[in-house]
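Counting starts at 1 for both ligands and their atoms, following the listed order. Keep in mind that the numbers below use all heavy atoms, side chains included, and drop hydrogens, waters and symmetry copies.
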Amino acid sequence: MERTLVLVKPDGVQRGLIGEVISRLENRGLRIVGAKFLQVSRELAETHYAIHKGKPFYDGLIAYITSAPVMAMVWEGPSAITAVRQTMGSTRPTEAAPGSLRHDFALEVGRNLTHASDSVENGVAEVSLWFTEQELVTWERATDSWIFE
Ligand code: DAT
Ligand code: MG
């Protein structure tokens, strides 16, 4: 079982797409284990995107993610990292597969709606950056045995 951090970024929140993102992840069969709605501080944004520091788009990225509230969530499931990134689509919406969120709801790389962890290790690190242990719920879903083999 893998865990991934999922963010509905400010554009997704402003456009009323929180429900769409949650629906798609629920429909996929992933299980939610934590969620909170927050205004991201500059400090959290800089830690989260530390790997991109120095890149030409970095300042715009920090301004974007701190510009309005985000919906932060943790989702889990078998191969959750790969599955969620597939549901999000490629970073550039014009390269995202038809049917993916970024294809279906976005056009520009700087307004690409969502974030999802890109590896198991980054998933663990990002979940602990954004959530405390107490904010994560370990639970069994009635349908689990029909979705998880
Ligand atoms: P992803 O969000 O798909 O994991 P990433 O980690 O490479 O993509 O980059 C983080 C975010 O930074 C991405 O969602 C949008 C922005 N970004 C990445 N590459 C960019 C570029 N070449 N120009 C503008 N923004 C970019
Ligand atoms: Mg990334």
Side-chain angles (χ1 to χ4, degrees), residues 1-138 147-148:
M1 202 74 87
E2 295 175 6
R3 281 184 172 180
T4 179
L5 175 78
V6 171
L7 304 177
V8 182
K9 296 193 216 174
D11 50 336
V13 171
Q14 293 286 347
R15 294 173 60 195
L17 294 171
I18 295 173
E20 179 73 32
V21 173
I22 291 175
S23 280
R24 287 188 180 216
L25 297 176
E26 282 187 322
N27 289 345
R28 192 82 198 266
L30 293 149
R31 189 169 62 189
I32 193 167
V33 294
K36 61 181 166 189
F37 184 66
L38 73 158
Q39 176 69 49
V40 178
S41 66
R42 191 173 172 91
E43 187 191 4
L44 176 57
E46 288 184 350
T47 307
H48 176 74
Y49 280 131
I51 194 167
H52 296 301
K53 195 168 173 122
K55 294 184 185 169
F57 58 85
Y58 177 77
D59 289 344
L61 184 59
I62 298 297
Y64 163 49
I65 200 77
T66 57
S67 63
V70 307
M71 186 70 184
M73 299 177 277
V74 179
W75 289 80
E76 68 183 1
S79 303
I81 297 288
T82 305
V84 173
R85 286 190 64 92
Q86 182 185 42
T87 291
M88 301 311 177
S90 301
T91 305
R92 287 184 183 281
T94 50
E95 292 169 7
S100 66
L101 277 160
R102 285 166 169 173
H103 171 279
D104 290 356
F105 293 97
L107 291 168
E108 300 239 61
V109 68
R111 297 289 183 272
N112 64 1
L113 286 178
T114 53
H115 167 84
S117 308
D118 64 4
S119 67
V120 173
E121 309 80 71
N122 285 341
V124 171
E126 290 178 359
V127 167
S128 68
L129 174 66
W130 287 75
F131 287 83
T132 65
E133 262 313 308
Q134 291 79 359
E135 289 172 327
L136 302 175
V137 181
T138 299
I147 298 167
F148 303 156

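Below 30°, between 30° and 60°, or above 60°: for F57 and H52 the angle between ring planes is between 30° and 60°, a tilted geometry.
Taking every heavy atom of both residues into account, E20 and L101 meet most closely at CG-CD2, 4.0 Å. For the residue pair R3 and L136, the shortest heavy atom distance occurs at NH1-CD1, 3.7 Å. Shortest non-hydrogen contact noted between S100 and A97 is OG-O, 2.6 Å.
Between the side chains of T87 and R24, no donor-acceptor pair of N or O atoms lies under 3.5 Å.
With a 6.0 Å cutoff to the six-membered ring centre and a 45° limit on the axis angle, K9 does not count as a cation-pi contact of Y64.
Near ligand 1, heavy-atom contacts under 4.0 Å come from K9, Y49, H52, F57, L61, R85, T91, R92, R102, V109, N112.
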